[in-house]
Undergrad: 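Provided herewith is a single structure, encoded as C-alpha cells, for subsequent inquiry.
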Amino acid sequence: MSSDPSLVILNAVLFWTLSLGVVSTALLVVVNKNPVGSALSLVATMVLSSMLMIQMGAFFLGVVQVLVYAGAVMVLFLFIIMLLDLRQESSRPISIFGAPIGVVLVGSLGYAIFQVARQFAVGRDVTALSLPEGSDDVRLLGLELFSEHAATVIIVGFLLLVAMVGVIVLCHQPKSESKSGEAK
Amino acid sequence: MSPAKIGVKIGRGKVITLGHYIAVSGLLFCIGLLGVLIRRSVLIIYMCLELMLTAAALAFVAFSRFNGCIDGQVMVLFIITVAAAEVAVGLGIIVAWFRLQRETDVEGMKHLRF
Amino acid sequence: MSPELWWLLLIVPLVSAGLCTVVLRRWPTFSAAVSVGSALFCFGLVLWGIVSGTAAPPQWEWLKVGEFVISLEFFLNELSTLMLVVVTGVGLLVHVYSLGYMAHDEARSRYFGGLSLFMFSMTGIVVSDNLVMVFIFWELVGLSSYVLIGHWYWRQAASAAANKAFLMNRIGDLGFLLGIIVVYLTFGTLNLGELRELAPKYFMAMDKAGAAHTVAQPALLPTLIALGLFCGAVGKSAQFPLHVWLPDAMEGPTPVSALIHAATMVAAGVYLLARLFFLISLSTLALEIIAWVGGITAVLAALMAMQQNDIKRVLAYSTMSQLGLMVLAVGLSDPNAAMFHLTTHAFFKALLFLAAGAVIHALDHDQDIWKMGGLAKKMPIVFGTFLIGTLALTGCPGLSGFFSKDAILSAAQVKGKWGLFWLTVGTSTLTAFYMMRLITVAFLGEPRSEKAQHPHSVGWVMVLPLLILSVPSVISGYGEVIPRWLAGKEYHHHEHALIVYAVGIAAFFVGVILSALLYLGKKQDPLSLKLLRERFYLDEIYNNFFVRGFDVLGAICCAFDRWCVMGIGVKSVSLSFSLAGHLFRFLVNGDVRLYTFLMTLGVVILIFWSR
C-alpha cells in the first residue's frame, strides 16, 4: 500500500479520538461510585478498544471482543449487580490511605511502560504496513489456531468445562432455595 | 519517498507507530491497576481487572500487526476465552460470599490467613 | 641383697592398700594383719638394705613422649636412707599402735588401707629421683592424708578438715608445679642426678682457656625455681600462710596425726628442701625468704599454742612451730641441721602424739585439757613417756631435741643472723612454756572431771610403741651420729659457741619455771589472750576473703552468664527470630488488598531493578 498522506492523517485522527475515548471511559470505570455506571463505562471501553483493534486490522478479534467480552461477560456483570442489588455504595468508595501510595506505585509502573513505548516509537505507520496476506484474518487465525496451537485450544476448552463445573459447585445450595449462580 | 520520511515530514503526532499503541495499552493497564488497588467494592475491582486484560489484549494485537505474524491475535483469542471463564468463576465466588456477608466490601475479606 | 628387691619397698604397701580396701573390706582383722605385716616387712627391708649397703636398682622407664622421658629411679644416699629409716620405723610403730587404738572401729579396713597407701606414697617421695615422680607421689601423699583425716567422714568437722587439708596442699602444689616447669625450661631435665651436675654450673662459664670462672647472671630463674619448690613445702609442711589446715587435721584419728602430721608427711616438705638444696642454694634471695618464713611460722605457731585447750591442737601447733625451725635452718644454708632436727622431731613428736592418743583413749575421747588433771598418778607409764617427749621437744639439756635445736641456733649465730637467732630463742622459750602448761594442766594436780577420775586402762599394744619411741627421743642426739651420717665425707666437727649453749638452756628453764608458776593448781586458764586463742583470726580472714571472695566471683560469673551470655547472646538470636516472625505475620493477615498491593509493589520493584 502506498502511504497516502490523507490516509495517514485519517488514521492519526482516528487513533487519537479512539485513544482519548478509551482512556476517558477507563477513568470513568475507576472513578464511578455506582457499580452500574462502572459496568456501563467498561462496556464503552471495550467497544472503543475493539474499534482500535479493527483499525489495526484485526477484524475478527474486534468483533469477537464486542460479542463475547462486552456482550456476554459484561452482561453477566450487570446481571450480578442487579441480582445483588448493589445500588448503594459504601460511604467511602476510595480508601484515603491507599490512594496516594497507589497513585505513586502505578505512576512509576506507567512511567516504565512509557519508556518502553518510546523505544517502539520509531518505525512505520500502521497504514503503511501491509496486512499479512490480505485482510482474510479469520482464515489465517483459524489456520494458525488449529495447527500450531491446537493443544492450547483443547486445554482452554477443558478450562471452560472446569469453570462451568466450578461455578455450579460454588453456588450450589442443597436446600430448595434456587441457585443463583450462572454458568457460562 | 520512504514511509518514515513521509512520517517525519508530516510531523509528529501524525504518524501512529507501534509505540503509540503500546502507550495507550499501558495507560489503560495502569488505570485498571489503580482501580484494583484503590476501590473498595469487590465487583468494581473485578471490573478493573477486566480492564487490565483488555489492555493486554490491545497490546498483543498491536505487536501482532506491527510484526506481521498472527500469533498475537491467537493469544488475544485465548485471553478473551480465559477471561470469560475467570469471570464466571469469580462472580460465582462473589455471589457465594455475598450470601454470607451481605456486603461486598473487600475489607471484609480477610479469611486468606494461615 | 639384690638391688631389685628395693622395688618391693614400693610394691608391698601398694598391694597391701589394694587388698585392704578392695578385697578384705569385710574382714577388718585380716586387713589389719596385712597392713601391719607390710609395714614390718618394709622396715626390715630398709634395715637389711642399708646394712648390706645395697645399691639402688636401675631405673625403670615409665613414660616416653618424644625426647621427654619420665622414669622411676631409686635414689639412695645418706639423706634418703635416713629418711627411709624414720618413715618405715615410725610407720611400723604407728601401725602397731593402731591395732589397739582403732580396735573398736568398724571401718578398720579402710583405715589400714589408707595407712598402707600413705606408706607407699611417702616412700615414693623419699626414693624418687625424678621431679615428676616426686610430684606424683607428693599428690598421692596429699590424697592419703585426705582419706585418713576424713576417716570418720560422717562428722562434718572431719570431712571439712580433710577438704581444707587437700585444698591448701593443692595451692602449694601449684607453686611446686610452676617451679618444676621453670626447672625444666632452665635446665632441660627433671632428673635429679643430672640436675646435681648442672646446677653448680649455672653461674659459671668456660672462658677461652678452658678454666671455669663465675659469671654474673641474673638470678631470676633460680629464684623462681627456689620459690616455686618452696611453695610445695609451704603447703605440705604447714608454713605460714598455708598453715591453717594442720590444726583442723587433728579431726583424724590420733595415730594418723602421729604418723602423718608429726613425723612424716609434714616433714616431706623439709625433706624436699634438703634434697633440692643444691638448686635452692643458687638464689640467696630465696634462701632469705625461706628463712624468714620459717622463723615467722615458728613464732606464730608457738604463740597460738599457748592458748589452745585441746591436747592435740597444742601438739599440732607445736609441730608447726618446729617445722618452722627446720625451714629456718634450710634458709640458713644448713640443710643437715634441718634434717637432724627433723629426725629427732619425728621420734619425740610421734611419741607425744601417741601418748596423747593413749590419754584420749583412756578418757573416752575427751580432748579438753581443762577436764583432765592428776593423770600422772593414774597413768604413770603414759605420763613418763609423755614427759620424756616433752623434755626432748623443749630442749632439755641431754635429750635429743637439745642437740638438734642447738645445731639450728649455732647455724644462725655462725652466719651472724641475729634476728633469726633471737626468733629461735623466743620460740624455744614459748615452746617450753606451753609444753609445761600442757603437762601441768593435764597430768599434774587434781582430776577435774569424772572421766579423769577413772581413766580406762590402756592395753600393752598401745604402750609398747610409746616405750620404744622413748629410746631414740633420748639418745638420738648423742655423739653427733646423725650429723656425721648426713654429712658423710664433708663432716667437720666444730664446737658451738658458748652463747648458743647458754641461751638454749636459759630458754628451757625460763619457759618451764614461768609456766609451772602460772599453772600449777589452777582450775582454769589464768591467761586469757583472745587473739592467740582465736589463732590470730587467720581462719576467719581466709574464710571471708578467699572463700567468700570466690563465692562473689562465682555469683558474678553466674550473673554474667545469665544476663550477658544468655540474655544478650542467646536471647538476641531467639528474639530476632520471633521479631522476624511477628513482622512477617503482618504480611499474611488475609487482607486481599494488602496482597494486591504487595504484588504490585513487587512487580514495580522488579521492573525497575532489572532496567
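Here is how names work: the chains are called A, B, and so on, in the same order as the sequence lines, proteins then strands, and each is numbered from 1.
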Undergrad: Need one label for A:A39: side chain, backbone, both or neither, based on atoms under 4.5 Å from any heavy atom in chain B.
TA: both

Undergrad: Among A:I113, A:L61, A:L52, A:L141, single out the residue with the greatest number of heavy-atom pairs under 4.5 Å to chain B.
TA: A:L61

Undergrad: Please classify the contact between A:V153 and chain B as side chain, backbone, both or neither, with a heavy-atom cut-off of under 4.5 Å.
TA: both

Undergrad: What part of A:L109 lies closer than 4.5 angstrom to a heavy atom of chain B: side chain, backbone, both or neither?
TA: both

Undergrad: Please flag which part of B:A55 lies under 4.5 Å from any non-hydrogen atom of chain A: side chain, backbone, both or neither.
TA: neither

Undergrad: Heavy-atom distance under 4.5 Å to chain A: side chain of B:L27, backbone, both or neither?
TA: side chain

Undergrad: Counting only non-hydrogen atoms closer than 4.5 Å, does A:S49 touch chain B with its backbone (N, CA, C, O), its side chain (CB onward), both, or neither?
TA: both

Undergrad: Side chain, backbone, both or neither: which part of B:E86 has a heavy atom under 4.5 Å from chain A?
TA: neither

Undergrad: Can you tell which part of A:T152 gets under 4.5 Å to a heavy atom of chain B, answering side chain, backbone, both or neither?
TA: both

Undergrad: With rounding to the nearest 0.5 Å, note down the distance linking NZ in A:K33 to OG in A:S38.
TA: 12.5 Å

Undergrad: Is any side-chain heavy atom of A:V47 closer than 4.5 Å to a side-chain heavy atom of A:Q65?
TA: no

Undergrad: So do the side chains of B:R65 and B:Q73 get within less than 4.5 Å of each other, counting heavy atoms only?
TA: no

Undergrad: Check whether B:L28 gets within reach of chain A through its side chain, its backbone, both or neither, counting any heavy atom under 4.5 Å.
TA: side chain

Undergrad: Determine the option with the most heavy-atom pairs under 4.5 angstrom with chain A, choosing from B:V36, B:I79, B:L53, B:L77.
TA: B:L77

Undergrad: Is B:V24 close to chain A through its backbone or its side chain, or both, or neither, when contacts mean heavy atoms under 4.5 Å?
TA: side chain

Undergrad: What residue in B:G35, B:C30, B:A83, B:G32 has the most heavy-atom pairs under 4.5 Å with chain A?
TA: B:C30

Undergrad: Give me the atom names and distance for the closest heavy-atom approach of A:A44 to A:T25.
TA: CB-CG2, 3.8 Å

Undergrad: In the structure I gave you, are the side-chain heavy atoms of B:V76 and B:I80 within less than 4.5 Å of one another anywhere?
TA: yes

Undergrad: Would you mind telling me which of B:G90, B:G72, B:C48, B:A62 has the largest number of heavy-atom pairs within less than 4.5 Å of chain A?
TA: B:A62

Undergrad: Quick one: do B:R40 and B:I45 satisfy side chain to side chain contact (heavy atoms under 4.5 Å, CB included)? Show the steps, please.
TA: CA-CA 7 Å; B:R40 284 179 60 185; B:I45 288 174; over 6 Å; no

Undergrad: Of all of A:L18, A:V116, A:V13, A:V23, which one pairs up most often with chain B through heavy atoms under 4.5 Å apart?
TA: A:V23

Undergrad: Evaluate B:H20 against A:S19 for side chain to side chain contact (heavy atoms under 4.5 Å, CB included), listing each step before the verdict.
TA: CA-CA 9 Å; B:H20 291 81; A:S19 304; over 6 Å; no

Undergrad: Would you mind listing every ring-ring contact (aromatic ring centres under 6.0 Å, His included) that reaches into residues 36-61 of chain B, with sequence neighbours excluded?
TA: A:F77-B:Y46

Undergrad: Evaluate A:F15 against B:Y21 for ring-ring contact (aromatic ring centres under 6.0 Å, His included), listing each step before the verdict.
TA: CA-CA 9 Å; A:F15 171 77; B:Y21 284 103; 4.9 Å; yes

Undergrad: Can you tell if the side chain of A:S50 reaches within under 4.5 Å of the side chain of A:V63, non-hydrogen atoms only?
TA: no

Undergrad: Which answer fits A:E148, side chain, backbone, both or neither, if we ask what part of it has an atom under 4.5 Å from a heavy atom of chain B?
TA: neither

